[in-house]
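The structure under discussion appears below in the form of C-alpha cells.
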Amino acid sequence: MPRILIVGNSGAARECYWMLQDIAASAPALGSYYEFGGFLSWRGYQGALKELSDRFIGDFGEHAIGPDEIYVIGAGDPGLRRDIYAELKERGANLINLVHPWSYVCPSAQLGEGNIIQRGCTVFANARLGNGNYINGAVNIAHDASIGDFNFLAPYAIVLGGASIGSHNHLGPHSVVLEHARMGNNNSLAPGSTLYKGCKDNCRMAGNPALKIGTIENER
C-alpha cells in the first residue's frame, strides 16, 4: 500500500493532512488505497503539529525514502517549498499534486508536480501551473493564466485571463492580478492590492493600482 508523507510539521502541514482526510471521505476507494505515513520536519524545525503530534516520525534529513512512498510539501513559504522540492527530487522521491475535492481544475489546465490546491479554488481552461505552488482557499485562476514555481497565493487571490506570474511570489489575501499583467520573480503583492500592468523582480507592491513600495533583497 503506498504511503503518503508530509514534509513539514506546522500549520501548512496540518492543512495538508486535513485535506487528505477530506479526499478520503469524498472518495473512499482512493482513501483505502493510500496510507498516511506521518509528518517529517525540515532541517530540525520544531514545528507545531498540536493534536497531530503523535503522527510525527522524525526529520526528513534522517529519513530513508522508500519505493512506495509519495510526498507532499507541507510548507507555505515559497523559499521553503523550493528547497524541500529540490531535495526531494535530488533523492528520487515521488510527489503528488494535492487538490481538495471541493476545488475545480479544468481538464485543459496543466499542472506540474508538488502543488497544493486548497478548498474552493478554481483553475480554469488552459491555465498553467508549474511545480510546488501553494494555492490557498478560494483562489481563482482564470483561463490562459500562467504561474511558475513555488508561489504562494493567499485566500481569495485572483489571477485573471492571460496573466503571467513567475516564481517565488507571494500574493496576499484578496489581491488581484488583472488580465495580461506580467509579474516577475520573488515579489510580494499586499492584501487587497490590484496589479494592472505588472512588475519586474524583487518588488513589494501595494495599492490599487499596485505601486512599488519597497524591494525584497534575496529573502527567498
For a side chain to side chain donor-acceptor pair (under 3.5 Å) check, start with the C-alpha distance between Tyr134 and Glu15, then their side-chain angles and the critical distance, and finish with the verdict.
CA-CA 11 Å; Tyr134 198 110; Glu15 290 185 0; 2.4 Å; yes
Measure up the His168 and Phe150 rings against each other and bin them: parallel (under 30°), tilted (30 to 60°), perpendicular (over 60°).
parallel
[X] [atom1] to [Y] [atom2] distance, which is reported to the nearest 0.5 Å:
{"X": "Ile216", "Y": "Cys203", "atom1": "CD1", "atom2": "SG", "answer": "8.0 Å"}
{"X": "Arg182", "Y": "Ser146", "atom1": "CZ", "atom2": "OG", "answer": "8.0 Å"}
{"X": "Asn115", "Y": "Asn131", "atom1": "CG", "atom2": "CG", "answer": "6.5 Å"}
{"X": "Asp144", "Y": "His180", "atom1": "CG", "atom2": "NE2", "answer": "8.0 Å"}
{"X": "Met19", "Y": "Ser103", "atom1": "CE", "atom2": "OG", "answer": "7.0 Å"}
{"X": "Tyr71", "Y": "Leu95", "atom1": "OH", "atom2": "CG", "answer": "9.5 Å"}

Shared hydrophobic cluster, [X] / [Y] (ILVMFWY, side-chain heavy atoms < 4.5 Å):
{"X": "Ile135", "Y": "Leu189", "result": "yes"}
{"X": "Ile4", "Y": "Trp18", "result": "yes"}
{"X": "Leu49", "Y": "Val72", "result": "yes"}
{"X": "Ile6", "Y": "Tyr45", "result": "no"}
{"X": "Phe60", "Y": "Phe36", "result": "no"}

Taking all atoms of both residues into account, what is the closest heavy-atom pair of [X] and [Y], and its distance?
{"X": "Pro173", "Y": "Ala154", "answer": "N-CB, 3.4 Å"}
{"X": "Gly198", "Y": "Ala181", "answer": "N-CB, 4.3 Å"}
{"X": "Gly161", "Y": "Ala142", "answer": "N-CB, 3.4 Å"}
{"X": "Gly166", "Y": "Asn151", "answer": "O-ND2, 2.9 Å"}
{"X": "Ser108", "Y": "Ala125", "answer": "OG-CA, 3.3 Å"}
{"X": "Gly112", "Y": "Asn97", "answer": "O-ND2, 2.8 Å"}

I would like to know whether Glu217 and Thr215 meet side-chain contact (heavy atoms from CB on, under 4.5 Å); could you show each step before the answer?
CA-CA 6 Å; Glu217 297 292 346; Thr215 301; 3.2 Å; yes
Under the 3.5 angstrom rule, does the side chain of [X] hit a backbone N or O of [Y] as a donor-acceptor pair?
{"X": "Arg14", "Y": "Ala48", "result": "yes"}
{"X": "Arg81", "Y": "Gly114", "result": "yes"}
{"X": "Asn169", "Y": "Gly184", "result": "yes"}
{"X": "Asp59", "Y": "Gly44", "result": "yes"}

Test side chain to side chain contact (heavy atoms under 4.5 Å, CB included), reference Ile117, set Leu98, Val139, Val99, output is Val99
Applying the side chain to side chain contact (heavy atoms under 4.5 Å, CB included) criterion to Phe152, which one of Asp77, Asn136, Leu171 satisfies it?
Asn136
With Arg128 via salt bridge (Lys or Arg N to Asp or Glu O under 4.0 Å) - residues at least two apart:
none
Residue list, salt bridge (Lys or Arg N to Asp or Glu O under 4.0 Å) with Glu69, at least two apart or on another chain
Arg3
How about [X] and [Y]: does a side-chain donor come under 3.5 Å of a side-chain acceptor?
{"X": "Tyr156", "Y": "Asn140", "answer": "no"}
{"X": "Asn186", "Y": "Asp201", "answer": "no"}
{"X": "His170", "Y": "Asn187", "answer": "no"}

Just wondering, do [Y] and [X] contact through their side chains at under 4.5 Å, heavy atoms?
{"X": "Phe56", "Y": "Ser41", "answer": "yes"}
{"X": "Thr122", "Y": "Val105", "answer": "no"}
{"X": "Leu153", "Y": "Ile147", "answer": "yes"}
{"X": "Leu40", "Y": "Asn9", "answer": "no"}
{"X": "Leu178", "Y": "Val176", "answer": "yes"}
{"X": "Pro191", "Y": "His174", "answer": "no"}
{"X": "Glu87", "Y": "Arg43", "answer": "yes"}
{"X": "Asp149", "Y": "Arg82", "answer": "no"}

For Ala190, give me all partners under side chain to side chain contact (heavy atoms under 4.5 Å, CB included), at least two apart in sequence or on another chain.
Ser193, Ala206
For the OH atom on Tyr33, are there more than 12 heavy atoms of other groups (residues, nucleotides or ligands in this structure) within a distance under 6.0 Å?
no
Within the supplied structure, the quantity of interest is the number of heavy atoms (other residues, nucleotides, ligands) at a distance under 6.0 Å from Gln46 CD; does it exceed 12?
no
Test Asn208 against Tyr196 for side chain to side chain donor-acceptor pair (under 3.5 Å), laying out the working first.
CA-CA 8 Å; Asn208 183 4; Tyr196 280 69; 2.9 Å; yes
The test is salt bridge (Lys or Arg N to Asp or Glu O under 4.0 Å); show your working for Lys89 and Glu113 and say whether it passes.
CA-CA 11 Å; Lys89 296 299 290 184; Glu113 60 181 355; 2.8 Å; yes
side-chain contact (heavy atoms from CB on, under 4.5 Å) between Glu179 and Leu160: does it pass, once the steps are laid out?
CA-CA 5 Å; Glu179 296 93 334; Leu160 292 181; 3.7 Å; yes
